Amino acid sequence: MALIPIAVTLLALLGSAAVGDALRCNCTNCKSDPECETDGACMASIYYEKGKEEHVRMCIKRNDLVPPGQPFYCLSAEGLMNTHCCYQDYCNSIDLKVPVPRTAGDWTETGSSWGPVELVAVIAGPVFLLCVLLMVGVFLFQYHQRAYSHRQRLEVEDPSCDHLYLAKDKTLQDLIYDMSTSGSGSGLPLFVQRTVARTIVLQEIIGKGRFGEVWRGKWRGGDVAVKIFSSREERSWFREAEIYQTIMLRHENILGFIAADNKDNGTWTQLWLVSDYHEHGSLFDYLNRYSVSIESMIKLALSAASGLAHLHMEILGTQGKPGIAHRDLKSKNILVKKNGTCAIADLGLAVRHESITDTIDIAPNQRVGTKRYMAPEVLDETINMKHFDSFKCADIYALGLVYWEIARRCNAGGIHDEYQLPYYDLVPSDPSIEEMRKVVCDQKLRPSIPNWWQSYESLRVMGKIMRECWYANGAARLTALRIKKTLSQLSVEEDVKM
Ligand SMILES: Nc1ncnc2c1ncn2[C@@H]1O[C@H](COP(=O)(O)OP(=O)(O)OP(=O)(O)O)[C@@H](O)[C@H]1O
Ligand SMILES: [Mg+2]
């Protein structure tokens, strides 16, 4: 509002400079003279400042009387200023009135002509608009979510698809059998996986790993294991599901994969990986709990070698499978089945070999897996990552350590050792790469093989296999298939029923 007096002053200056024809006017802003002369018009104006009336009288030059008929200088600003132009001598001596504001302070204190109603409208209007926009946004979001989950439910629950697979009386075994005979070879159809996953009732938590929790769940009366990944671990979940669904991977000594599901509950995504449940838990759990007979040891070792040989093996042809290296083999990642054989689990870090192009299906990073089980070439980073066989050799080194864990628990002639992790006597718990490297690469130490093992053929053979799994030179190590053959022979000699 301070602009008004400035504008008026400017007009006054202009007016006082315009002296030409005969029209004489009163002048409030002319320096010495209370009058002025102009060829245009006399102007009188009144406005309020700080609650006081201010009168302005002055001359307007003819040139400034624009636009003709309604010159700017002669316009009143409603409620702020009353202006009058006239064309006779001293005609601007009249006293104008300006509409008085409701309270004198209205113009001066707030500096605004807005009353409380206008002010409320000005503030509340945009707020209201914002609220409406927000509500529309929330509504659209919820609508989208509902439509999405409805779509998903339709996909999942569409009976036209489901009834073929999921007839009420079918058990998981039936489903898996249907699948293996239908020739798909890589797992249940995705909509069946999702339906199964969404009808599982979780029972109890059975373990916690790096990537999430493992639960025992129930599906149609049978037990299943559910590994629940946090949404942060989506890549691990995806990779593990992807590997498990590699064509022709199913094998009695590889954990049976049932379903992968990403369940969006609106707030976060739960990532599920459903597999066979094995009540004995991991080989680590099992060896901690029980000592094993010679026969059990051979069963565990031979089945683990069979699983690994199948994983490593490339099968050619359209129904073939690529070679797969595990990269995190350890007793915690091998499960013990009810019949005393092993199932290799946790394929999340595995890599697949594409033999046609001789490439590995993901860019392998150098040191993944569990430090304690890392092969020397992994610890000192000399592993040739371009060569797929290098990863298989690193698995064999870890298998040797697992054999050592099993053999220590073998009860032969009433003697057995307590359970220990490999290198328990040489490195601290949760060792660093550096601590492992010193022991395994620099000092070239390996877990000790007791002399008394030589007195028992099975333990002698196991000891020999271990040594041949632990060579510093990866290429010199046994292959899984070789180990499997040696142990098969041993199982025949020892009359082990598999
Ligand atoms: N299919 C299964 N059946 C029964 N128990 C299982 C199954 N899968 C996992 N477990 C149990 O859950 C535990 C946690 O498994 P998880 O693979 O998440 O972690 P981990 O193997 O102990 O450690 P890491 O994260 O290093 O792999 C296992 O040690 C095992 O005891
Ligand atoms: Mg694990």
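The structure presented is a predicted model; accordingly, all values stated were derived computationally and were not measured. Just follow the structure's listing: the first ligand is 1, and inside any ligand the first atom is 1. Residue numbers start at 1 and run along the sequence shown.
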Donor-acceptor check, side chain of [X] to backbone of [Y], threshold 3.5 angstrom: yes or no?
X    : Y    : answer
E354 : T359 : no
K299 : N339 : yes
W219 : A197 : no

Please confirm if an N, O or S atom belonging to N333, backbone or side chain, lies less than 2.8 Å from the Mg ion (ligand 2).
yes

Taking both backbone and side-chain atoms into account, decide whether D328 has an N/O/S atom under 2.8 Å from the Mg ion (ligand 2).
no

Between D276 and K338, is the closest basic N to carboxylate O distance under 4.0 Å?
no

Salt bridge (Lys or Arg N to Asp or Glu O under 4.0 Å) pairs touching residues 402-423, sequence neighbours excluded, are R408-E418

Pairs of nitrogen or oxygen atoms, one from ligand 1 and one from the protein, closer than 3.5 Å: please tabulate them with distances.
from, atom 1, to, atom 2, distance (Å)
ligand 1, 1 (N), D276, O, 2.9
ligand 1, 3 (N), H278, N, 3.0
ligand 1, 17 (O), D346, OD1, 3.1
ligand 1, 17 (O), D346, OD2, 3.0
ligand 1, 21 (O), K332, O, 3.3
ligand 1, 21 (O), N333, OD1, 2.8
ligand 1, 25 (O), R210, N, 2.6
ligand 1, 26 (O), R210, NE, 3.1
ligand 1, 26 (O), R210, NH2, 3.1
ligand 1, 26 (O), K330, NZ, 2.7
ligand 1, 27 (O), N333, OD1, 3.1
ligand 1, 27 (O), D346, OD2, 3.4
ligand 1, 31 (O), D285, OD2, 2.7

Do R477 and Y397 form a cation-pi contact, if we require the NZ or CZ to be under 6.0 Å from the six-membered ring centre and within 45 degrees of the ring's axis?
no

For D346, which of K332, K227, R327 qualifies under salt bridge (Lys or Arg N to Asp or Glu O under 4.0 Å)?
K227

